[in-house]
**Student:** 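Here you go, one structure.
By convention in this document, chain letters (A, B, ...) are assigned in the order of the sequence lines, proteins followed by strands, and residues within each chain are numbered from 1.
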2 protein chains.
Amino acid sequence: MRLSDIITEMILKLIDESDQNVAEIQRNELAAMIGCVPSQINYVLTSRFTPEHGFKVESRRGGGGYIRITKITMDRSNALMHIINSVGSSIDSASARVLIENIQERELVCEEAAEVMKAALSNNSFKDIPVNVRDQVRAAMLKQMLVSQL
Amino acid sequence: MRLSDIITEMILKLIDESDQNVAEIQRNELAAMIGCVPSQINYVLTSRFTPEHGFKVESRRGGGGYIRITKITMDRSNALMHIINSVGSSIDSASARVLIENIQERELVCEEAAEVMKAALSNNSFKDIPVNVRDQVRAAMLKQMLVSQL
DNA sequence: TAGTCGATGGTCAGTTAAAGTCAATATCTA
DNA sequence: TAGATATTGACTTTAACTGACCATCGACTA
């Protein structure tokens, strides 16, 4: 059995045992328990606990640091997830705007958040970004912002 | 639990209990009560009770010395304007994140909006933007987003 | 009134305790 | 066997914590 699978199972088990769909781990501790290098934990997190997989990962460095993995379950989040997955690797300005207005109307995000998203994606913000990567950057950013609302 | 968190909570509680948004402590006494070195109190004060966090700290040495921590209250849009004006034409990722966390803590924007801002400015979103314009784009975008919340 | 002494708080450089990144290498799988 | 996936470990960054030494204040005393 692969290391990655062992780590994945451990984390899933921790989430399952918690009543909040959250697992809070200490990277070094978990690595020691499993017997792998700490950075392997990062690999698993970035390859299998991504937003696309329905997870949110937060962390803090320094003494008393931690990594918190949350499983997304709610309806609103499901709808958002669906939208996130529908955004490809590139999106033009007009489509992005329509999309944001749509999720706002459906009350998937609050008005303030929607305003911030529109501001972030505005032409004004993008004017120094080379044209050839704009739509790509916009898509990545849009997804990142939507994920933050899960 | 971290020492810093314990100290932070103690101070916040003292402020909360006072009717003037002020806590007055004796450094050595508090340190002894918690069981840490006195300078740890300073660490907490400089890392979590700064003006950016909305606090003012005054102190006096010598016999009968004290440390007085005051919570500043300011009108929301004035505070936001002040912050927008303090952002130059370029800002690095870490500074931007700190800034957003501050305005969130001070409740100048709602949590959702702050999350969106952090997501938009994350390194992840900026991956495809040429390094030489990143900080510039970030500053423009940050200001644009803050303005959207006025 | 000047000096000094005890009681405070302040500073800073160094240590420890995390987590993050990245490039090199290994292993699988189509 | 080529390309995707997995694994490793050296190096980086961030946050918390400590202790030795410094600065300031107030009171007391010669």
**Student:** Starting at CD1 of A/I34 and ending at C1' of D/dT8, how long is that distance when rounded to a whole Å?
**Tutor:**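 In whole Å, D/dT8 C1' lies 15 Å from A/I34 CD1.
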**Student:** Which of these nucleotides, C/dG20, D/dT18, C/dT11, is closest to any side-chain atom of B/L3?
**Tutor:** D/dT18
**Student:** Under 4.0 Å, counting only non-hydrogen atoms across every strand here, what does B/R2 touch: a base, just sugar-phosphate, or nothing?
**Tutor:** sugar-phosphate
**Student:** Using whole Å, report how far CD1 of A/I7 lies from C1' of D/dT8.
**Tutor:** 12 Å
**Student:** Base, sugar-phosphate, or nothing for B/G63, non-hydrogen atoms under 4.0 angstrom?
**Tutor:**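 The answer is base, as B/G63 lies within the cut-off (heavy atoms under 4.0 Å) of a base atom.
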**Student:** What nucleic acid atoms does B/S39 come within less than 4.0 Å of, heavy atoms only: base, sugar-phosphate, or nothing?
**Tutor:** base
**Student:** Which is true for A/I41 with a 4.0 Å heavy-atom rule: it touches a base, it touches only sugar-phosphate, or it touches nothing?
**Tutor:**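 Nothing, no nucleic acid heavy atom in range.
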**Student:** Hey, does B/N28 reach any base, or is it just sugar-phosphate, or nothing, if we go heavy atoms under 4.0 Å?
**Tutor:**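 Answer is sugar-phosphate: B/N28 comes under 4.0 Å of backbone atoms only.
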**Student:** Is there, by distance only and without an angle test, a donor paired with an acceptor across the side chain of B/R61 and the base of C/dG10 below 3.5 Å?
**Tutor:**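 For B/R61, whose side chain was compared with the base of C/dG10, there is no donor-acceptor pair (under 3.5 Å).
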**Student:** Whole Å only: how far is the CD1 atom of B/I69 from the P atom of C/dG10?
**Tutor:**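 B/I69 atom CD1 is separated from C/dG10 atom P by 10 Å.
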**Student:** Taking atom C1' of D/dT12 as reference, at what distance in whole Å does atom CG of A/N42 sit?
**Tutor:** 13 Å
**Student:** Could you tell me whether B/E52 and B/R106 have a side-chain N and a carboxylate O separated by less than 4.0 Å?
**Tutor:** no
**Student:** What is the nucleic acid contact for B/G62, judged by heavy atoms within less than 4.0 Å: base, sugar-phosphate only, or nothing?
**Tutor:** base
**Student:** For a quick check of understanding: with a heavy-atom distance under 4.0 Å over all strands, which category does A/R48 fall into, base, sugar-phosphate or nothing?
**Tutor:**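 Contact class for A/R48: sugar-phosphate only.
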**Student:** If you only use heavy atoms from C-beta on, which nucleotide in D/dC17, C/dA18, C/dG9 is closest to the side chain of A/Q26?
**Tutor:** C/dA18
**Student:** Measure CD/B/Q40 against P/D/dA20 and give the value in whole Å, please.
**Tutor:**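 Checked: the CD to P distance equals 16 Å.
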**Student:** Determine, using the 4.5 Å side-chain heavy-atom cutoff (strictly less than), whether A/L12 and A/Y66 are members of one ILVMFWY cluster.
**Tutor:**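 Each belongs to a different hydrophobic cluster.
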**Student:** Take B/S47 and A/C36, find for each the nucleotide of DNA chain D with the closest heavy atom, and name the residue whose nucleotide sits nearer the 5' end.
**Tutor:**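 Taking each residue's closest nucleotide, the earlier one in sequence belongs to A/C36.
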**Student:** Is it the case that more than 12 heavy atoms not belonging to B/E107 sit under 6.0 Å from its CD atom?
**Tutor:** no
**Student:** Is B/D16 paired with B/K13 through a side-chain N to carboxylate O contact shorter than 4.0 Å?
**Tutor:** no
**Student:** Is any N or O donor-acceptor pair between the side chain of B/R60 and the base of C/dG9 shorter than 3.5 Å?
**Tutor:** no
**Student:** Calculate the interatomic distance between A/Y43 atom OH and C/dA23 atom P; express it in whole Å.
**Tutor:**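 Atom OH in A/Y43 sits about 16 Å away from atom P in C/dA23.
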**Student:** State which of D/dT8, D/dG19, C/dG10 makes the closest approach to the side chain of A/V37.
**Tutor:** D/dT8
**Student:** Just the rounded figure in Å: distance from C1' of D/dA6 to CE of A/M1.
**Tutor:**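 So the two atoms are 14 Å apart, to the nearest Å.
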**Student:** Quick one: A/E58 CD to C/dA18 C1', roughly how many Å, whole number?
**Tutor:**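 Computing the A/E58:CD to C/dA18:C1' distance gives 17 Å.
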